[in-house]
Peer 1: 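One structure follows; several queries about it will come next.
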Amino acid sequence: MSIEIISIGDTGGGLVASQWVLHGTHAGPYFDGTAPTGRTLTLPGATFTQSENGKIRYERVYTDRQAVTEQLGFHT
């Protein structure tokens with residue numbers, strides 16, 4: 001697995017936004033125990049990290065779960 005950073009920026013007020021793409025191969029069991037498919041995955045996503053007093057207050061990560069199921073061949 002690797003993560004390619006597309007963009008990252010401080011939006012002000014301690015909020016940092018980043019856009020990225022995860023590249024990987026499904027080589028281990030999925031979260032629900034589904035066996036590895038050996039398929040590759042290219043998953044775009046975004047992360048928003050809020051810091052306060054030098055510490056991370058929260059982090060929100062957004063991805064397209066439908067893209068995962070389609071690329072790995074899972075049926076929904």
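When reading the values below, keep in mind they use all heavy atoms of this one structure, side chains included, and skip hydrogens, waters and symmetry mates. The first residue in the sequence is number 1, and the count goes up from there.
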Peer 1: Taking side chain as C-beta onward, heavy atoms only, is Thr42 less than 4.5 Å from Thr40?
Peer 2: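 Thr42 does not reach Thr40 side chain to side chain.
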
Peer 1: Measure from NZ or CZ of Arg60 to the centre of the six-membered ring of Tyr58 and say whether it is under 6.0 Å with the direction within 45° of the ring axis.
Peer 2: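 Verdict for Tyr58: a cation-pi partner in Arg60.
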
Peer 1: With rounding to the nearest 0.5 Å, note down the distance linking CG in Asp64 to OG1 in Thr69.
Peer 2: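 It is 8.0 Å, given to the nearest 0.5 Å.
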
Peer 1: Roughly how far, to the nearest 0.5 Å, is the CG atom of Leu41 from the OG1 atom of Thr63?
Peer 2: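 Nearest 0.5 Å value for the OG1-CG distance: 9.5 Å.
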
Peer 1: Provide the closest heavy-atom pair for Ala17 versus Thr11 in the form atom of the first, atom of the second, distance.
Peer 2: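 That closest heavy-atom pairing would be CB-CG2, 4.0 Å.
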
Peer 1: When rounded to the nearest 0.5 angstrom, what distance separates CZ in Arg65 from CD in Glu70?
Peer 2: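 Reported to 0.5 Å precision, the distance equals 13.0 Å.
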
Peer 1: Kindly give the heavy-atom pair with the smallest separation between Met1 and Leu22, and that separation in Å.
Peer 2: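 Distance-wise, the nearest heavy atoms are SD-CD1, 3.5 Å.
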
Peer 1: I need the minimum non-hydrogen distance between Thr49 and Glu59, along with the two atoms involved.
Peer 2: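 The answer is OG1-OE2, 2.9 Å.
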
Peer 1: Considering residues, nucleotides and ligands other than Asp32, do more than 12 of their heavy atoms fall under 6.0 Å from its CG?
Peer 2: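 Yes.
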
Peer 1: What are the two closest heavy atoms between Ala67 and Leu43, and how far apart are they?
Peer 2: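 What the structure gives for the nearest pair is CB-CD1, 4.2 Å.
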
Peer 1: Starting at CD of Gln50, measure out to CG of Leu15 and round the result to the nearest 0.5 Å.
Peer 2: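 Between atom CD of Gln50 and atom CG of Leu15 there are 5.0 Å.
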
Peer 1: Enter the distance from Ser7:OG to Gln19:CD here, rounded to the nearest 0.5 Å.
Peer 2: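 Between Ser7 OG and Gln19 CD, I get 4.5 Å after rounding to 0.5 Å.
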
Peer 1: Would Val61 end up clustered with Ile3 when hydrophobic side chains under 4.5 Å apart are linked, directly or stepwise?
Peer 2: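 Yes, because Val61 and Ile3 connect within a single hydrophobic cluster, where side-chain heavy atoms sit under 4.5 Å apart.
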
Peer 1: Compare every heavy atom of Trp20 with every heavy atom of Tyr62, then report the nearest pair and how far apart it is.
Peer 2: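 Shortest heavy-atom contact: O-CZ2, 4.3 Å.
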
Peer 1: Measuring from atom CZ of Phe74 to atom OG1 of Thr37, what distance do you get when rounded to the nearest 0.5 angstrom?
Peer 2: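 Atom-to-atom, Phe74:CZ and Thr37:OG1 are 5.5 Å apart.
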
Peer 1: Locate the shortest heavy-atom distance separating Pro29 from Pro36; write the atom from each residue and the value.
Peer 2: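 Here Pro29 and Pro36 meet closest at N-CG, 4.0 Å.
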
